[in-house]
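Read through the structure below, which is laid out as structure tokens, and then see the notes.
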Amino acid sequence: MFLGDVNTRARGLRTRLLGSAELDRLMDARSLFALQRALSNLGIVPADGPATPEALERAVRRRAAGLMAILGRWCTDDRRPVFAVLFEDEDRRSIQAALRGAEQAAGTDARMSGLVPTQSLSERALRVLASQPTMADVVRMLVLWGHPFGRPLIDAVSGPHPSLFKAEVELQRAFAQRALAHAHRGGRALVDYARQVIDAMNASSVLLHFPERDEDIADSIFIDGGSQIDRDGFEEMMRNESFEQARRALLIRLQDSALGSAFREEAENLSTLEAAVLRAQIAEQRRLARLRPDGAAPTISFALELRAEVLDLRRIIWGVSLGAPQALMQTSMVAS
């Protein structure tokens, strides 16, 4: 499938993203008012809007939605399914946040923090999902809208005891199946990336659930389709006794993959490792874009860098709001 026009548009959109130097200057802001002025000068937020963390994050999401929409328009109807691993991965993250927020009774803005709206889940749709009182209501809205991730979640949230655990597993499984089903039409780069995302999901599950060390849980949460983590290896890693041991086991398993670099340094928690994984994925796609510019890597790279920017700006906004020192903000930045 020809992707030259989509890649050209993705390369152009990439020039609108912030560089490390600009992010560093934003971290120097002494107040939210100063940060708002700096973001306004960069064309990211309106100059006359409220200088609150929620308002600044909302503006960041809207900008990201606009950039993603431009990319989506260039992915015509016959090619959009090919990029399910990009657009639907953002939807997966958004739905997961909505489900967790409903389970924890979190505020609407908190549930939307760090998300990237897409054509199928716009800013308005995300706000509707984020305002639902229960997980069942979140899924009900998805089914009503005809979203492909709606029906796979029905059983997990139905009945007297809805299960966030089961809902997240079914969400990951539905995403993986759709991503792999369509990626082959876009060539090797998209297939390899889809398998890499599945490896990353399984690695995250190892780190999140290893304390339970239950073979039945290991069997139920493993997602088929990755290239580096098979079922036997997954079950073996689930038997680790500490976060650090699990990280080292993942390093051994992933050392020959693009994800390996994310596990080479000690990490304090899962959030730090997730930033490192995203950083490793971006580095790999940039490398592939240079080696095979006619493949899907330029488009994949832009989508990942856009997500990284949204996450980094969220950390800066809340870091400045809370008066956190720059060194502390830097530890969890993707662009560090």
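- Annotation for Leu121 and Ser94: closest pair CD1-CB, 4.4 Å, computed over non-hydrogen atoms.
- For the atom pair Arg73 CZ and Gln119 CD, the distance stands at 9.0 Å (nearest 0.5 Å).
- A side-chain donor-acceptor contact under 3.5 Å links Ser257 to the backbone of Leu254.
- Taking the side chain as every heavy atom from C-beta outward, Ile300 and Val85 never approach each other to under 4.5 Å.
- Minimum interatomic distance between Ala297 and Ala289 (heavy atoms only, all atoms of both residues): CB-N, 3.5 Å.
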**Message:** Run the side-chain contact (heavy atoms from CB on, under 4.5 Å) test on Val139 and Ile95 for me, step by step, so that the C-alpha distance in whole Å, both residues' side-chain angles and the decisive distance to 0.1 Å come before the verdict.
**Reply:** CA-CA 9 Å; Val139 174; Ile95 293 168; over 6 Å; no
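- Put simply, the side chain of Glu123 never gets that close to the backbone of Pro117: no donor and acceptor are under 3.5 Å apart.
- Hydrophobic clustering of Ile, Leu, Val, Met, Phe, Trp and Tyr side chains at less than 4.5 Å, counting indirect connections, keeps Leu322 apart from Leu313.
- Put simply, CG on Leu207 and OG on Ser205 are 9.0 Å apart, with the number rounded to the nearest 0.5 Å.
- Of the possible donor and acceptor atoms, none in the side chain of Glu284 sits under 3.5 Å from a partner among the backbone N and O of Ala280.
- Counting all heavy atoms, side chain and backbone alike, Glu235 lies closest to Ala218 at CG-CB, 4.0 Å.
- Of all non-hydrogen atoms in Arg315 and Ser271, the two that sit nearest each other are NH2-OG, 4.4 Å.
- Clustering ILVMFWY residues whenever any of their side-chain heavy atoms sit less than 4.5 angstrom apart, transitively, puts Leu278 in a cluster other than the one holding Leu288.
- Crowding of Arg231 atom CZ: a count of heavy atoms from other residues, nucleotides or ligands under 6.0 Å exceeding 12.
- In terms of modelled atom types and a separation under 3.5 Å, the side chain of Arg279 and the main chain of Val334 share a donor-acceptor contact.
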**Message:** Evaluate Ile221 against Phe234 for side-chain contact (heavy atoms from CB on, under 4.5 Å), listing each step before the verdict.
**Reply:** CA-CA 10 Å; Ile221 65 178; Phe234 184 84; 3.6 Å; yes
**Request:** Applying side-chain contact (heavy atoms from CB on, under 4.5 Å), run through Leu153 and Val138 and close with a yes or a no.
**Result:** CA-CA 10 Å; Leu153 305 181; Val138 172; over 6 Å; no
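- Arg92 is listed as a side-chain neighbour of Asp89, based on a closest heavy-atom distance under 4.5 Å.
- Among pairs with a residue in residues 16-35, none fulfils salt bridge (Lys or Arg N to Asp or Glu O under 4.0 Å), at least two apart in sequence or across chains.
- Atom CE of Met68 and atom SG of Cys75 lie 9.5 Å apart (nearest 0.5 Å).
- For the pair Thr299 and Leu86, the minimum side-chain heavy-atom distance is below 4.5 Å.
- Using a 4.5 Å heavy-atom threshold, the side chains of Asp230 and Arg253 count as touching.
- Qualifying ring-ring contact (aromatic ring centres under 6.0 Å, His included) partners for Phe165, counting only residues two or more places apart in sequence or in other chains: His209.
- A donor-acceptor contact shorter than 3.5 Å is absent between the side chain of Arg178 and the backbone of Ala84.
- Proximity of a side-chain donor or acceptor of Gln36 to a complementary backbone N or O of Gly49 within less than 3.5 Å is detected.
- Among all heavy-atom pairs drawn from Arg9 and Ile70, the shortest one is CD-CG2, 3.7 Å.
- Residues Glu90 and Leu115 fail the side-chain proximity criterion, which asks for heavy atoms closer than 4.5 Å.
- Tracing side-chain contacts under 4.5 Å through hydrophobic residues (I, L, V, M, F, W, Y), one never reaches Leu26 starting from Leu328; they form parts of separate clusters.
- Here the straight-line distance linking atom CH2 of Trp74 with atom OG1 of Thr8 works out to 7.5 Å at 0.5 Å rounding.
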**Request:** Show the numbers, then the answer: is there a side-chain contact (heavy atoms from CB on, under 4.5 Å) between Leu67 and Leu17?
**Result:** CA-CA 10 Å; Leu67 295 177; Leu17 301 181; 4.0 Å; yes
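- Expressed to the nearest 0.5 Å, how far CD of Gln330 lies from CG of Leu23 amounts to 9.0 Å.
- Looking at Asn7, its side chain does come within 3.5 Å of a backbone N or O of Gly295 through a donor-acceptor pair.
- Under a hydrophobic-cluster definition in which Ile, Leu, Val, Met, Phe, Trp and Tyr are linked whenever side-chain heavy atoms come within less than 4.5 Å, directly or via other members, Trp145 and Leu126 are assigned to the same cluster.
- At least one side-chain heavy atom of Asn240 sits under 4.5 Å from a side-chain heavy atom of Met237.
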Pairs of donor and acceptor atoms involving the side chains of residues 194-202, under 3.5 Å and at least two apart or interchain, shall be tabulated with distances.
| unit_1 | atom_1 | unit_2 | atom_2 | d |
| --- | --- | --- | --- | --- |
| Arg195 | NH1 | Gly225 | O | 2.8 |
| Gln196 | OE1 | Gln281 | NE2 | 3.4 |
| Asp199 | OD1 | Ser227 | N | 3.4 |
| Asp199 | OD1 | Gln228 | N | 3.3 |
| Asp199 | OD1 | Ile229 | N | 3.2 |
| Asp199 | OD2 | Ser227 | N | 3.1 |
| Asp199 | OD2 | Ser227 | OG | 3.1 |
| Asp199 | OD2 | Gln228 | N | 3.0 |
| Asn202 | OD1 | Ile223 | N | 3.0 |
| Asn202 | ND2 | Ile198 | O | 3.4 |
| Asn202 | ND2 | Ile223 | O | 2.9 |

Would you mind writing out the side-chain donor-acceptor pairs for residues 166-176 within the sub-3.5 Å range, not counting sequence neighbours?
| unit_1 | atom_1 | unit_2 | atom_2 | d |
| --- | --- | --- | --- | --- |
| Glu168 | OE1 | Arg100 | NH2 | 3.4 |
| Glu168 | OE2 | Arg100 | NE | 2.4 |
| Glu168 | OE2 | Arg100 | NH2 | 3.3 |
| Glu170 | OE2 | Arg173 | NH1 | 3.3 |
| Arg173 | NH2 | Ser220 | O | 3.0 |
| Arg173 | NH2 | Phe222 | O | 3.1 |

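- In this view, Asp109 and Arg127 satisfy the side chain to side chain donor-acceptor pair (under 3.5 Å) rule, not counting sequence neighbours.
- Checking Thr134 against Asp137 by side-chain atom types alone, a donor-acceptor pair falls below 3.5 Å.
- Side-chain contact between Tyr193 and Gln285: present, with at least one pair of heavy atoms (C-beta onward) separated by less than 4.5 Å.
- Take Phe149 and apply the ring-ring contact (aromatic ring centres under 6.0 Å, His included) test, not counting sequence neighbours, and it matches His147.
- Smallest separation of non-hydrogen atoms from Ser20 and Ala335: OG-O, 3.8 Å.
- Rounding to the nearest 0.5 Å gives a distance of 15.0 Å between CZ of Arg62 and CD1 of Ile44.
- Residues Ile316 and Phe33 do not share a hydrophobic cluster, defined by chaining ILVMFWY side chains whose heavy atoms lie under 4.5 Å apart.
- Between the side chains of Glu305 and Ser301, at least one donor N or O sits under 3.5 Å from an acceptor N or O.
- A donor-acceptor distance shorter than 3.5 angstrom exists from the side chain of Gln132 to the backbone of Val128, with no hydrogens or angles considered.
- Ionic pairing of Glu244 and Arg248 is present here: one or more N-O contacts between side-chain nitrogen and carboxylate oxygen are shorter than 4.0 angstrom.
- Residues Leu35 and Val45 are not in side-chain contact: their nearest non-hydrogen atoms beyond the backbone lie 4.5 Å or more apart.
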